[in-house]
Amino acid sequence: MINLSTKRKEIDTILVLDFGSQYTQLIARRVRESNVYSEILPWDIDEDKIKSMSPKGIILSGGPDSVTNTYTPRVPKIVFELNIPILGICYGMQTLAEQMGGQVISADQKEFGYVELKINNESVLFSDLQKSLNVWMSHGDQVQDLPDDFELVASTETAPIAAMQHNSKPIYALQFHPEVTHTEDGKVVLDNFIFKVCNASKDWKMDDLISNRIDEIKKQVKDNKVLLGLSGGVDSSVTAALLHQAIGNKLVCVFVDNGLLRKGEAEEVMETFKENMNLNVIKSDSEEVFLRHLKGIHDPEQKRKIIGRTFIDVFDTEATKLKDIHFLAQGTIYPDVIESSGSESKEARVIKSHHNVGGLPDEMKMELVEPLRDLFKDEVRKMGVELGLAPEMLNRHPFPGPGLGVRILGEITKEKTSILKEADHIFIQELIKADLYNKVSQAFAVYLPIKSVGVVGDERRYAEVIGLRAVETVDFMTARWAHLPYEFLEHVSNRIVNEIEEVSRVVYDISSKPPATIEWE
Ligand code: XMP
């Protein structure tokens with residue numbers, strides 16, 4: 001994996017110590033978003049490494065463990081000895097409290113989701129903010145007694161100590177997650193820590209990241225050819241542009257038409273990349289082989305694995321035909337890594353296995369190049385803008401690697417993909433027409449494996465059900481269902497039922513993430 005460690009020496013750094021939270025990378029990216037350099041290290045990193053970075057401040061992430069157990073991660077001694085600002089978040093707060101003489105208990109009631117935070121003491125972290133904020137919580141344990149020399153800053157109904165600060169040192173702790181976009185003014189709280197407590201300067205920018213990544217790619221692949229699986233989505237397009245800048249025509253792209261793409265997508269991708277961008281793209285028509293491998297398979301994880309495996313087989317075949325290919329590039333981004341728990345963190349838990357994570361089979365002698373592996377979608381988009389990619393391409397909604405395969409619940413057949421492609425196309429077309437496409441972060445149709453009764457004219461129609469999903473999110477780690485206008489949904493539903501004979505009913509998904517994921521499988 002390429003990392004961010006090629007930073008210039010003199011840049012102010014905020015170090016994030018990782019205790020295994022799903023949100024650790026989010027903390028680092030929020031810091032980067034404020035143009036301050038940030039690096040993540042595991043909590044048990046060598047103390048000398050922490051010292052050598054001379055951080056301006058340290059943020060302790062959340063994590064899934066409980067400090068009420070003996071052998072769980074703790075803050076290394078050096079963190080306290082450096083006498084620099086510290087901010088503990090969730091588990092980071094709990095271990096900080098416990099190590100400094102406070103008491104942590106497993107609360108009777110777990111707090112999960114939105115809660116109202118009441119700020120009842122002066123604190124630079126909340127300066128210029130209202131006295132009550134809607135914040136995002138996700139915890140079982142909580143601080144019961146303040147450590148010596150700490151004072152209470154804020155509470156919620158069930159967590160009396162939801163924020164605390166040392167009364168003479170720059171040490172702060174929050175039970176909620178300021179890094180999650182759903183926390184009201186969470187960014188202001190983090191910025192207050194970065195700028196008002198740590199006095200960090202804004203001297204880091206996206207250009208540095210691009211040139212660092214290009215150098216890293218050159219260093220990694222040298223004069224060798226690199227094969228890239230191009231899907232036409234934002235991630236693989238930005239990966240292609242980055243690699244193209246780094247190694248020019250040594251980049252060979254393979255576009256796999258697996259039959260699980262959106263309507264008209266294969267033609268569009270070939271036109272954009274081969275004709276407009278002049279990239280070396282080979283199209284592999286593989287619908288038949290994918291459908292054959294997926295025949296009779298109902299389980300979502302098994303479908304993902306088969307699709308991933310078939311992709312790799314196809315690449316392998318193409319690579320063998322091409323000869324001398326030693327590297328395989330992938331547009332893996334951070335949410336793919338964390339949700340497959342191929343994560344760098346030992347403590348994170350598995351949610352779904354994303355097909356492009358988990359490495360290659362041993363017999364495939366190609367090394368991976370994944371230059372976006374620690375970035376979030378919107379950071380990738382920003383990188384794309386800097387690299388000169390077209391806004392229409394960058395603003396396309398994300399499309400999962402397994403494609404319609406995870407949007408057809410249950411077994412996948414050609415007939416179902418055809419129905420879903422049509423329904424999805426109608427939904428997307430209408431979103432664009434109504435100027436709503438760019439207002440939602442992702443929208444798509446889902447094929448539900450049930451039939452329902454409908455009436456069309458005088459006829460009873462016992463037919464398929466299509467689900468529509470549209471969400472609003474910044475980082476795809478959490479998401480809210482989009483409140484699309486009723487009239488709009490009515491119009492889309494009418495079009496789908498009238499134009500697709502096989503469909504008798506349309507439903508709209510009103511689940512947020514968490515607890516639902518964005519995709520249905
Ligand atoms: P979930 O469903 O996990 O989706 O909330 C979060 C984002 O990731 C996309 N997604 C995938 N992308 N391979 C991908 O490249 C996958 O296997 C995959 N599964 C989900 C999803 O579309 C959403 O944008």
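Numbers here are sequence positions counted from 1. These numbers were taken from a predicted model, which means no experiment stands behind them. Read the numbers this way: they start at 1 and go in the same order the structure lists the ligands and their atoms.
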| Going by the angle between their ring planes, with limits at 30° and 60°, are Phe488 and Phe427 parallel, tilted or perpendicular? | tilted
| query | Considering only heavy atoms, which of Phe444, Phe476, Phe399 lies nearest to atom 7 (C) of ligand 1? | reply | Phe476
| Is any side-chain N of the basic residue among Glu379 and Lys382 closer than 4.0 Å to the acidic one's carboxylate O? | no
For residues 181-191, which side-chain donor-acceptor pairs fall under 3.5 Å, sequence neighbours excluded?
unit_1, atom_1, unit_2, atom_2, d
His182, NE2, Thr478, OG1, 3.2
Thr183, OG1, Trp136, N, 3.0
Thr183, OG1, His177, O, 2.8
Glu184, OE1, Asn134, N, 2.8
Glu184, OE2, Gln130, NE2, 3.3
Lys187, NZ, Ser34, OG, 2.6
Lys187, NZ, Asp191, OD1, 3.4
Lys187, NZ, Asp191, OD2, 3.4
Asp191, OD1, Ser34, OG, 2.6

| query | Where does Pro398 meet ligand 1, judged by heavy-atom distances below 4.0 Å: at the side chain, the backbone, both, or neither? | reply | side chain
| request: Check each atom of ligand 1 against the heavy atoms of Lys513 and keep those under 4.0 Å away; list them by number with element. | output: 1 (P), 3 (O), 5 (O), 6 (C)
| task | Could you see which bit of Lys377 sits under 4.0 Å from ligand 1, with heavy atoms only: side chain, backbone, both or neither? | result | neither
| Qualifying salt bridge (Lys or Arg N to Asp or Glu O under 4.0 Å) pairs with a residue from residues 236-247, counting only residues at least two apart or across chains | none
| message | Please list, in number order, the atoms of ligand 1 under 4.0 Å from a heavy atom of Arg304. | response | 16 (C), 17 (O), 18 (C), 19 (N)
| message | Which of the numbered atoms in ligand 1 are under 4.0 angstrom from any heavy atom belonging to Gly401? | response | 12 (N), 13 (N), 14 (C), 15 (O), 16 (C)
| field | Glu288 CD: over 12 foreign heavy atoms closer than 6.0 Å | value | no
